[in-house]
Number of protein chains: 2
Amino acid sequence: MERISVETKVLKKNDEYAEENRRVFAQHGIAVANFMSAPGAGKTAILEKTLRALRPELEMAVIEGDLYTTYDADRIAAAGVRAHQITTGTCCHLDAKMIARAITEFPIYETQLLIIENVGNLVCPAEFDLGEDLRVMIYSAVEGAEKPQKYPLMFQTADAILLNKTDLIPYAGVSLEELTANVKKVNPTAPVFPVSCRTGEGIEAWIEWFRRRVTGLRKREAQVGVS
Amino acid sequence: MERISVETKVLKKNDEYAEENRRVFAQHGIAVANFMSAPGAGKTAILEKTLRALRPELEMAVIEGDLYTTYDADRIAAAGVRAHQITTGTCCHLDAKMIARAITEFPIYETQLLIIENVGNLVCPAEFDLGEDLRVMIYSAVEGAEKPQKYPLMFQTADAILLNKTDLIPYAGVSLEELTANVKKVNPTAPVFPVSCRTGEGIEAWIEWFRRRVTGLRKREAQVGVS
């Protein structure tokens with residue numbers, strides 16, 4: 001009981017910060033995507049490919065959530081995109097207040113697309129609205145076909161779901177059909193992209209979808225900014 | 001600041017319950033192991049193999065932590081071992097109070113070895129002492145070689161570290177040598193067992209080590225119980 005009331009208070013406070021973040025993002029016409037996954041699902045690898053593809057078209061920035069290291073922020077910077085690191089210490093997710101603080105330290109007003117790479121965790125990040133427009137979930141297909149039922153919240157709240165490491169599927173004894181069906185059971189509407197960062201399979205389809213969604217968001221946000 | 005003080009309070013309360021759990025376990029001569037991993041690392045599969053190997057020798061019980069489903073508890077029951085399910089809802093880890101409550105509902109006093117299978121999460125479970133004697137960490141080798149540095153706490157606090165899915169290593173572009181070296185950097189003392197649940201490789205060495213540790217614990221706890 002005590003635990004639930006602490007949680008509820010934390011989440012209510014978070015939602016207030018998220019709303020304020022959303023207002024700031026909309027005002028400046030910034031589309032914001034929150035990339036989430038379990039550790040080791042290939043979030044940063046997908047992000048690198050996405051950034052390299054969209055860099056000629058969009059002014060981008062990345063906020064990196066990591067417990068201790070700056071490995072991921074370094075990889076993003078190497079891909080030629082400005083990156084700001086939030087070191088969360090023992091905290092297993094980003095929250096809206098951390099984002100609110102980050103955007104005061106890291107100027108994003110020239111940015112058209114801000115990508116937030118969350119801490120690798122299949123559970124908690126999904127509970128915290130950061131003020132983003134879009135949630136992108138990356139799932140490693142070799143983690144098994146039953147996880148959408150075991151860890152439903154992130155799958156349910158995602159706007160797009162990438163099933164990564166499809167190149168390992170033949171060796172892992174996982175059925176892509178069963179996994180996809182299980183994803184669809186918890187989230188019937190989000191598009192599902194089977195991809196392999198290693199072979200490049202499916203990456204183009206994902207980037208094409210993401211490009212279209214970001215363009216749509218920027219149009220909408222420009223109108224909000226004007227009105 | 002506020003967040004940290006809430007966390008500190010939660011962890012302090014947790015440690016009180018953990019101490020009480022430890023006292024109860026020792027009093028009854030029960031060795032307790034806490035199995036932790038990220039989602040999909042093969043925790044339940046390793047547990048099934050371990051239970052089947054030790055069932056002829058030890059009276060065992062399992063407490064299963066899961067967000068929503070009873071899939072894992074069903075698998076344990078199918079392996080012929082009594083299982084009690086804790087459904088954590090949105091909570092991404094087990095805490096000592098949940099265990100304290102579970103052992104009032106699920107009689108464990110005839111048990112010699114209690115295994116607690118934590119919620120699949122590479123971050124939070126490591127922060128919560130449950131009153132266990134032994135922490136066993138299962139890591140999927142295909143999640144990458146750099147994770148011990150990125151998510152150090154679980155690696156640091158583990159008494160044994162299993163590197164699972166070694167059969168996928170040739171396809172995943174991960175170096176087992178590099179991963180092992182990175183594990184050793186954050187935890188130089190815990191034994192590291194490369195295993196494959198699919199091929200059975202390394203499982204016997206792990207079970208032999210675990211058997212010896214559990215026997216040692218039970219001897220020690222029997223003395224505590226007597227004194």
Side-chain angles (χ1 to χ4, degrees), chain A residues 2-4 6-7 9-11 13-14 37-42 44-45 66-72 88-93 95 97-98 119-127 139-147 149-154 165 167-174 186 197-198, chain B residues 2-4 6-7 9-11 13-14 37-42 44-45 66-72 88-93 95 97-98 119-127 139-147 149-154 165 167-174 186 197-198:
Chain A
E2 181 194 323
R3 149 151 257 111
I4 289 169
V6 169
E7 263 190 43
K9 252 168 72 181
V10 168
L11 287 176
K13 191 94 189 162
N14 182 76
S37 79
T44 313
D66 231 319
L67 296 175
Y68 298 100
T69 64
T70 60
Y71 293 177
D72 292 346
T88 63
T90 59
C91 191
C92 63
H93 57 268
D95 66 31
K97 190 178 181 178
M98 297 177 196
V119 180
N121 180 338
L122 201 49
V123 183
C124 313
E127 293 181 51
Y139 179 72
S140 161
V142 300
E143 289 168 29
E146 81 293 5
K147 297 297 180 296
Q149 275 63 47
K150 290 189 66 184
Y151 303 90
L153 188 63
M154 194 175 288
K165 309 199 187 184
D167 55 301
L168 292 180
I169 281 183
Y171 313 107
V174 173
V186 299
C197 260
R198 299 189 76 222
Chain B
E2 180 195 324
R3 148 152 261 112
I4 289 170
V6 169
E7 263 191 43
K9 253 169 69 183
V10 167
L11 287 176
K13 192 93 188 163
N14 182 75
S37 80
T44 313
D66 232 318
L67 296 176
Y68 299 100
T69 64
T70 60
Y71 293 177
D72 292 346
T88 63
T90 59
C91 191
C92 63
H93 57 270
D95 67 30
K97 190 177 182 180
M98 296 179 198
V119 179
N121 181 338
L122 201 50
V123 184
C124 313
E127 293 183 50
Y139 179 72
S140 160
V142 299
E143 289 168 31
E146 82 293 4
K147 297 296 180 293
Q149 275 63 47
K150 290 190 64 182
Y151 303 90
L153 189 62
M154 193 175 287
K165 309 200 187 181
D167 55 301
L168 292 180
I169 281 183
Y171 312 107
V174 172
V186 299
C197 259
R198 299 189 76 222

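Hydrogens, waters and symmetry mates are skipped; everything else that's a heavy atom, side chains included, is used. The shown structure was predicted, so the numbers you read here are calculated from the model rather than taken from an experiment. In what follows, chains are A, B, ... by sequence order, proteins preceding strands, each numbered from 1.
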(request) To the nearest 0.5 Å, tell me how far B:D66 CG sits from B:T44 OG1. (result) 7.5 Å

(request) Could you grab the distance from atom OG1 of B:T69 to atom CG of B:L67, nearest 0.5 Å is fine? (result)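 So the OG1 of B:T69 and the CG of B:L67 are separated by 8.0 Å.
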
(message) Using heavy-atom distances under 4.5 Å, tell me whether A:K150 contacts chain B through its side chain, its backbone, both, or neither.
(response)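 For A:K150, heavy atoms of backbone and side chain both lie under 4.5 Å from chain B.
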
(message) Using heavy-atom distances under 4.5 Å, tell me whether A:Y151 contacts chain B through its side chain, its backbone, both, or neither.
(response) both

(message) Within the structure provided, determine whether A:N14 and A:K97 are in side-chain contact (heavy-atom separation under 4.5 Å).
(response) no

(message) Can you confirm whether A:C91 sits close enough to A:M98 that some side-chain heavy atom of one is under 4.5 Å from a side-chain heavy atom of the other?
(response)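 Yes, side chains in contact.
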
(message) Under a 3.5 Å distance rule, please check whether B:K147 uses its side chain to pair with a backbone N or O of B:Y139 as donor and acceptor.
(response)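 Checked: no pair found.
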
(message) I'd like to verify something: which residue of A:G144, A:S140, A:C92, A:A126 has the highest number of heavy-atom pairs under 4.5 Å with chain B?
(response) A:C92

(message) Below 4.5 Å, heavy-atom pairs only: which of A:G120, A:A41, A:A38, A:C124 has the largest tally toward chain B?
(response) A:G120

(request) Side chain from CB out, backbone as N, CA, C, O: work out which of these in B:Y171 comes under 4.5 Å of a heavy atom of chain A, or both, or neither. (result)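 Both backbone and side chain.
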
